[in-house]
2 protein chains.
Amino acid sequence: MIQLFNTVYLLKRLSKYIKKINIKKKTTIKDIANVLNISAAAVSKALNDDSRISKKTKKAVKQVAKNLNYQPNHLASALRKGKSNLVGVIVPRTNSNFFSSVIQNIEQVLNKEGYNIIITQSNESYKKECDNIDTLLFTQVDGIIASMANETTNLEYYEKVKAKGIPLILFDRGENDLNVDYIGINDYDSSHVIVEHLVNQGRKRIAHIGGYKRTRIFNNRIRGYIDALKKHNLPLDNELLIESSLTTEDGKEKMAQLLKLKNRPDAVYVASDYAALGALQVLNEHQIKIPEDIALVGFGDEPFTAMVTPTISSINQHSAEIGKQAALTFLSYTKKKTIEQTLNKIILDAELIVRESSNIIN
Amino acid sequence: MIQLFNTVYLLKRLSKYIKKINIKKKTTIKDIANVLNISAAAVSKALNDDSRISKKTKKAVKQVAKNLNYQPNHLASALRKGKSNLVGVIVPRTNSNFFSSVIQNIEQVLNKEGYNIIITQSNESYKKECDNIDTLLFTQVDGIIASMANETTNLEYYEKVKAKGIPLILFDRGENDLNVDYIGINDYDSSHVIVEHLVNQGRKRIAHIGGYKRTRIFNNRIRGYIDALKKHNLPLDNELLIESSLTTEDGKEKMAQLLKLKNRPDAVYVASDYAALGALQVLNEHQIKIPEDIALVGFGDEPFTAMVTPTISSINQHSAEIGKQAALTFLSYTKKKTIEQTLNKIILDAELIVRESSNIIN
DNA sequence: AACTTTTGGTTAAACGTTTAACTAAAACTA
DNA sequence: TAGTTTTAGTTAAACGTTTAACCAAAAGTT
């Protein structure tokens with residue numbers, strides 16, 4: 001018995017055992033226990049570095065675990081512990097640089113703490129978003145980090161998440177009424193920064209192709225735009241303020257609409273880079289000089305804004321920071337025993353990146 | 001007893017029960033069983049539409065489940081059934097249109113069959129890719145669909161997956177040596193199509209900024225390029241064939257290198273759109289006329305190729321089809337009892353999208 | 001030496017399902 | 001009517017961990 005953990009002896013037992021279990025596929029904690037003639041509980045504790053297990057045993061357990069190619073069964077431990085160490089992420093889509101960067105940073109922070117993430121896409125559809133939530137709840141995620149679809153106005157499904165006591169963190173597209181944590185940039189101020197910049201460039205008729213008013217962030221950008229005009233004593237012209245779905249296609253359409261005006265704008269602030277790209281294409285087609293005839297500013301700092309001709313000025317939304325903060329906010333709940341969420345906002349200052357499309361003086 | 005499932009009676013039992021369980025958080029199958037005075041097993045069967053349960057009972061069970069807001073515990077059923085209904089996806093990154101489209105289509109097909117996916121990114125790093133594999137195995141995924149990182153040459157980790165009997169399906173970036181299923185486009189032929197197109201446009205000195213030879217797909221593109229030159233009786237000039245990491249940055253560098261040649265090429269075929277974009281920027285900076293002085297063709301049909309000036313000709317990789325086929329291939333294994341994977345390739349024909357950057361005659 | 005504390009475990013139950021094996025009652029059969 | 005089949009369940013074990021409660025032996029204390 002004294003020589004039980006002696007290497008030579010151990011190897012013998014091991015090889016015997018390996019033959020025996022060769023038929024079944026996966027090594028479990030019990031297999032390790034059998035090899036070492038100790039209880040499964042001891043193995044579990046050894047693997048989790050429990051203080052009640054001797055160093056010698058821990059070492060032996062880990063050695064055998066390695067030799068048997070042991071892979072812990074996450075499902076079993078998750079079931080027993082009542083937590084899955086999985087966090088659900090819902091985004092409208094992953095193929096925008098903003099969202100993919102947020103996701104990357106969420107992952108980075110959470111992986112360090114032993115959490116993994118499940119990414120789902122809503123494609124801006126309310127129905128898909130509801131399905132995603134069901135999927136995530138079904139998978140027993142320990143938390144959900146989400147940016148809401150454009151379509152979403154009914155918050156019932158998100159209330160369901162809250163009701164289950166699962167931490168919910170929203171970013172970018174949020175909703176105050178849910179009274180949960182939110183991380184985003186200061187949309188209202190961003191509009192001010194943009195208008196101010198355009199005024200400084202000598203612009204007098206600034207149009208805004210904005211998002212749907214019902215989405216809070218776009219509403220804030222619109223409010224910011226209106227108030228900033230006021231601040232600079234520019235009159236608000238209703239035909240210069242247009243609501244849009246903000247796709248590239250719709251950006252084209254709305255820009256064409258602006259060009260048809262008798263009194264054209266000399267600058268256009270578009271609430272999304274994708275729509276700004278559409279606007280740019282229309283302007284180029286009409287051989288309108290950018291920024292001399294019409295200056296253009298987008299929103300989101302997508303990489304392509306620096307690729308197109310001319311390059312498009314845009315607002316950097318600090319995607320990395322948003323991702324990190326969202327993950328940290330989730331982690332803060334894992335340390336608490338009772339989950340009592342309240343409206344808790346982290347608002348980052350956005351930053352205007354001036355590029356060719358709005359750089360007139362200089 | 002006869003009136004046990006009578007609605008009024010049921011509601012009474014229900015409300016009594018709800019009060020009782022109000023303290024504990026989640027409804028289980030046992031709670032439903034208690035309300036109806038039947039066994040948990042019967043509830044499980046009823047929910048899974050087992051033939052041995054009467055219609056009446058099934059209806060009652062589902063009703064109570066709904067009222068108690070029952071959410072099945074995936075971990076428990078996965079543990080018992082020995083399958084998680086989760087499929088892991090590994091991609092170099094999600095913020096490329098190709099990968100995000102593949103993912104979207106994988107998801108679509110698998111969701112219909114009750115599977116969910118876990119997306120992980122390797123960021124082209126071998127170490128991260130190994131971590132991803134461990135993560136996925138740990139989460140007990142039922143299969144892995146992957147596109148390998150640029151760095152990956154050691155296949156040990158993937159062998160581990162195979163050894164565990166977990167179906168492994170590779171796409172785009174694959175490796176014959178693994179002897180598993182692979183879905184991709186015909187890279188060798190694509191090079192032929194591109195060279196032929198450029199020859200038809202009157203080009204005589206065609207350069208190729210290719211990927212690393214060790215990555216199979218890039219090697220195939222290089223081989224295709226060389227053989228196509230031969231076929232059209234064009235001499236192979238070694239200074240026109242450059243290996244690159246294919247990032248935008250490296251595309252710039254390699255294009256600059258080509259411009260320094262005494263005898264410049266009159267066409268450049270770049271093995272990735274991202275690198276082609278870099279090349280385009282350098283050409284624009286040098287005020288070289290595209291396509292008149294130098295024609296340019298990329299690879300991947302990323303959306304930005306249609307956004308930049310001039311628009312870039314590129315190869316459509318059929319991302320949607322690749323995603324669907326990958327998912328279907330995985331599903332085919334779920335119907336088999338023994339997993340015996342062999343090298344099994346699905347090769348799709350790629351398609352050249354001609355845009356301004358290579359459209360000379362016309 | 002008699003007690004107490006510490007060390008290093010063991011035992012058994014639990015997490016929430018599923019499922020093989022069993023069974024009582026009802027319905028059919030000859 | 002006795003035997004067989006069908007229906008509609010029940011019981012109990014199992015999936016692989018974790019953990020509360022327990023305990024024997026060794027070490028420390030007075």
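Since this is a predicted model, take the numbers as computed values, not measurements. The sequence lines fix the lettering, A, B, ..., with proteins before strands; numbering per chain opens at 1.
The closest donor-acceptor contact from the side chain of Ser122(B) to the backbone of Ala149(B) lies at 3.5 Å or more, if one exists at all. Looking at Thr139(B), its side chain never comes within 3.5 Å of a backbone N or O of Val141(B) through a donor-acceptor pair.
Spacing between atom NE2 of His74(B) and atom P of dT18(C) amounts to 11 Å, rounded to whole angstrom units. Regarding Ile38(B), its CD1 atom lies at a distance of 19 Å from the P atom of dA24(C), rounded to whole Å. The NZ-C1' distance, from Lys58(B) to dA8(D), rounds to 11 Å in whole Å. Summarising the geometry, the separation between CG on Asn34(A) and P on dG16(D) is reported as 13 Å, rounded to the nearest angstrom. Atom CG in Asp50(B) sits roughly 12 Å away from atom C1' in dT7(D) (whole-Å rounding). Atom CD1 in Ile29(A) sits roughly 11 Å away from atom P in dT19(D) (whole-Å rounding). Residue Asn48(B) contributes atom CG, which lies 15 Å from atom P of dG9(D) at whole-angstrom precision. The interatomic distance linking Tyr70(A) (OH) with dG16(D) (P) rounds to 10 Å, in whole Å.
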Hey, what are the protein-to-nucleotides 11-15 of chain D N/O distances that come in under 3.5 Å?
| unit_1 | atom_1 | unit_2 | atom_2 | d |
| --- | --- | --- | --- | --- |
| dA14(D) | N3 | Arg80(B) | NH1 | 3.2 |
| dC15(D) | O2 | Arg80(B) | N | 3.3 |

What are the atom names and distances for every N/O pair under 3.5 Å that joins the protein to nucleotides 6-8 of chain C?
| unit_1 | atom_1 | unit_2 | atom_2 | d |
| --- | --- | --- | --- | --- |
| dG8(C) | O6 | Arg52(A) | NH2 | 3.2 |

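When all heavy atoms are compared, the tightest approach of Tyr115(A) to Leu86(A) is CD2-N, 4.2 Å. Shortest non-hydrogen contact noted between Gly323(A) and Ile106(A) is O-CG1, 3.5 Å. Minimum heavy-atom separation, Lys164(A) to Asn69(B): NZ-O, 3.9 Å.
When only modelled atom types and interatomic distance are considered, Tyr333(A) and Asp181(A) share a side-chain donor-acceptor pair under 3.5 Å. Remark: the Lys62(A) side chain and the Tyr70(A) side chain contain no N/O donor-acceptor pair separated by less than 3.5 Å. Side-chain polar atoms of Ser54(B) and Thr57(B) form a donor-acceptor pair below 3.5 angstrom.
In this structure, Ser77(B) reaches the sugar-phosphate backbone alone: every heavy-atom distance under 4.0 Å involves primed, P, OP1 or OP2 atoms, never a base.
Looking at Glu124(B), Lys127(B), Glu129(B) one by one, the single match for side-chain hydrogen bond (donor to acceptor under 3.5 Å, both in side chains) with Thr152(B) turns out to be Glu129(B).
Here Tyr157(A) and Tyr126(A) keep their ring centres 6.0 angstrom or further from each other.
Each end of the helix from dA1(C)-dT30(D) to dA30(C)-dT1(D) gets its own rotation axis from five pairs of C1' atoms, and the angle between them is 50° to the nearest 10 degrees.
Comment: Asp31(B) does not engage Lys26(B) in a salt bridge, judged by the lack of any side-chain N to carboxylate O separation of less than 4.0 angstrom.
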